[in-house]
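What follows is a single structure, written as structure tokens, with notes after it.
Just so you know, these numbers come straight off a predicted model, no measurement behind them.
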Amino acid sequence: MKKRFSIIMALTVLMAFVIPNSSFAGIGGPTSYKYSTYPANKVNLNVIQTSPGNIQLKALNLSANLEHTGYIGINGGFFSDQVEGTTGMKKTHNIAINNGKPVIGTDKAGNNGWYNSGNQGTIIWDAKNRKFLYKVLNNGWEVNKAVGHTNYWAQGGVSMSLGSANWKDTMKKEKLPNPDGLAQRTAMVYSGSGIYLIVTDTKCTAEAFRAAIQQFFGIKDGSPKNDVNGIFLDGSGSSQMRAYDHNNKLINIKGDSRPLNQIITVTP
């Protein structure tokens, strides 16, 4: 009996390594994602790792901060408190599309999740073909053309250009706000078949944040990996995360508790 138990335990451990995205269950902890921390170069990363099929993009219209929604996830794209005339809702300045529909839900209206602020980095999960696409795009029509169907989600931001020696030129071209200031920061990164939602509560520059993320994924400038890339999302007081660790302890990164316009959620 002891021998059989040992074999079962060994197989269980092996499967955890072979299929890392199949289950993220801790003892009494979450089952659809894994929360972890990673200190790198004096920047502390808070990381939610999950499968892309667990991701859903939502609009809050500045009605609440992440803490008070009850969702698991992080803040999303950049936004302002201006009202978008077509929908009467607050403007969100990055692509945020679920299955061919912008997060606010009205097709092709301005600043409702259908547009980036110019040509900017966009992570697409092609659910039909089960693969990530990384494109620099302006709007949802371009996303639809790139994917070829509507069974996808797409989140826009500013290209991190992980592994690229020319990342600063791209970041400037895509107009990341406050790159050299000390601020809390947020990112979305895909690696292999997994998606990573990353927030730092360390006030740091964009360069320090990106360097910590590259260390986490084992990437150096000049040596990009085809299956890893990411985007900067909104930062400063908007950098928020809500999750549970493997002991079911609530992790609540509040930023300055400001209401958010768009968030990235994870199926609990």
Side-chain angles (χ1 to χ4, degrees), residues 16-17 20-21 23-30 32-51 54-55 65-67 72-76 121 123 157-165 167-168 171 176-225 227-257 263-264 266:
F17 284 98
N21 291 324
S23 175
F24 300 101
I27 299 173
S32 65
Y33 66 91
K34 175 185 176 182
Y35 166 82
S36 61
T37 60
Y38 183 80
N41 301 323
K42 299 181 180 180
V43 175
N44 184 58
L45 302 181
N46 298 272
V47 182
I48 294 174
Q49 176 192 355
T50 191
S51 299
N54 295 329
I55 295 292
N65 56 35
L66 184 59
E67 176 186 12
I72 302 300
I74 62 171
N75 63 289
I123 294 177
V158 173
S159 297
M160 298 194 86
S161 306
L162 297 177
S164 172
W167 72 274
K168 285 187 178 180
M171 177 191 69
L176 179 70
N178 191 29
D180 300 321
L182 299 180
Q184 297 180 55
R185 298 186 183 271
T186 304
M188 172 187 263
V189 177
Y190 68 88
S191 175
S193 61
I195 196 79
Y196 296 76
L197 310 179
I198 305 173
V199 171
T200 181
D201 46 5
T202 307
K203 292 185 176 181
C204 61
T205 64
E207 182 172 13
F209 182 48
R210 179 180 175 275
I213 288 174
Q214 290 209 142
Q215 184 173 321
F216 179 81
F217 289 100
I219 300 173
K220 294 183 179 180
D221 284 337
S223 301
K225 294 182 179 180
D227 65 343
V228 184
N229 213 336
I231 51 177
F232 292 102
L233 296 169
D234 200 0
S236 191
S238 296
S239 286
Q240 299 176 27
M241 174 183 282
R242 187 176 180 277
Y244 289 89
D245 67 12
H246 69 282
N247 291 317
N248 257 343
K249 178 183 176 182
L250 177 63
I251 308 300
N252 192 20
I253 299 172
K254 301 180 180 181
D256 63 5
S257 295
I263 59 174
I264 302 168
V266 179

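- Checking Tyr35 against Gln49 by side-chain atom types alone, no donor-acceptor pair falls below 3.5 Å.
- Nearest heavy atoms, Val43 versus Cys204: CG2-CB, 4.1 Å.
- Taking each heavy atom of Asp245 and Ile251 in turn, the nearest pair found is N-CG1, 4.2 Å.
- Between the OG atom in Ser236 and the CG atom in Asp256 there is a gap of 6.5 Å [rounded to 0.5 Å].
- Here the straight-line distance linking atom CD of Gln240 with atom CG of Leu66 works out to 6.0 Å at 0.5 Å rounding.
- Note: Arg210 CZ to Lys168 NZ = 9.5 Å, rounded to the nearest 0.5 Å.
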Notebook entry, point to check: Between Leu197 and Thr186, is a side chain to side chain contact (heavy atoms under 4.5 Å, CB included) present by the stated rule, with each step listed?
Noted result: CA-CA 8 Å; Leu197 310 179; Thr186 304; over 6 Å; no
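- Across Val228 and Ser191, no two heavy atoms sit closer than the pair CG2-OG, 3.5 Å.
- Between Tyr190 and Asn229 there is a side-chain heavy-atom pair separated by less than 4.5 Å.
- Listed here is the closest heavy atom pair of Met241 and Asn46: CE-O, 3.2 Å.
- Side-chain atoms of Met160 and Ile213, non-hydrogen and from C-beta on, do get closer than 4.5 Å to each other.
- Taken to the nearest 0.5 Å, the CD1 atom of Ile219 stands 5.5 Å off from the NZ atom of Lys225.
- For the pair Ile198 and Phe209, the minimum side-chain heavy-atom distance is below 4.5 Å.
- Side chains of Ile253 and Gln184 form a contact here, defined as non-hydrogen atoms less than 4.5 Å apart.
- The two residues Gly230 and Ile123 make their nearest non-hydrogen contact at CA-CD1, 4.1 Å.
- Looking only at distances, a side-chain donor or acceptor of Thr205 sits under 3.5 Å from a matching main-chain atom of Ala208.
- To the nearest 0.5 Å, the span separating OG1 on Thr200 from CZ on Arg185 amounts to 9.5 Å.
- Nearest heavy atom pair, residue Val199 against residue Ser239, reads CG1-CB, 4.1 Å.
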Next item on the list: Give the intermediate values and the outcome of side chain to side chain contact (heavy atoms under 4.5 Å, CB included) for residues Leu233 and Ile264.
Entry: CA-CA 10 Å; Leu233 296 169; Ile264 302 168; 3.6 Å; yes
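- Under 3.5 Å, the side chains of Asn75 and Ser238 contain no donor-acceptor pair of N or O atoms.
- Side-chain contact between Asp201 and Asn44 is present, with at least one heavy-atom pair separated by less than 4.5 Å.
- Judged purely by distance below 3.5 Å, without hydrogens or angles, the side chains of Gln214 and Asp221 pair a donor atom with an acceptor atom.
- Residues forming a side chain to side chain donor-acceptor pair (under 3.5 Å) with Tyr244 (at least two apart in sequence, or on another chain): Arg242.
- Rounding to the nearest 0.5 Å places OG1 of Thr50 at 10.0 Å from OH of Tyr196.
- The aromatic rings of Trp167 and Phe232 sit tilted relative to each other, their planes meeting at an angle between 30° and 60°.
- Side-chain contact between Ile195 and Met188: present, with at least one pair of heavy atoms (C-beta onward) separated by less than 4.5 Å.
- Residues Val189 and Leu162 are in side-chain contact: their nearest non-hydrogen atoms beyond the backbone lie under 4.5 Å apart.
- Proximity of Thr37 to Leu45: side-chain heavy atoms (C-beta onward) are nowhere separated by under 4.5 Å.
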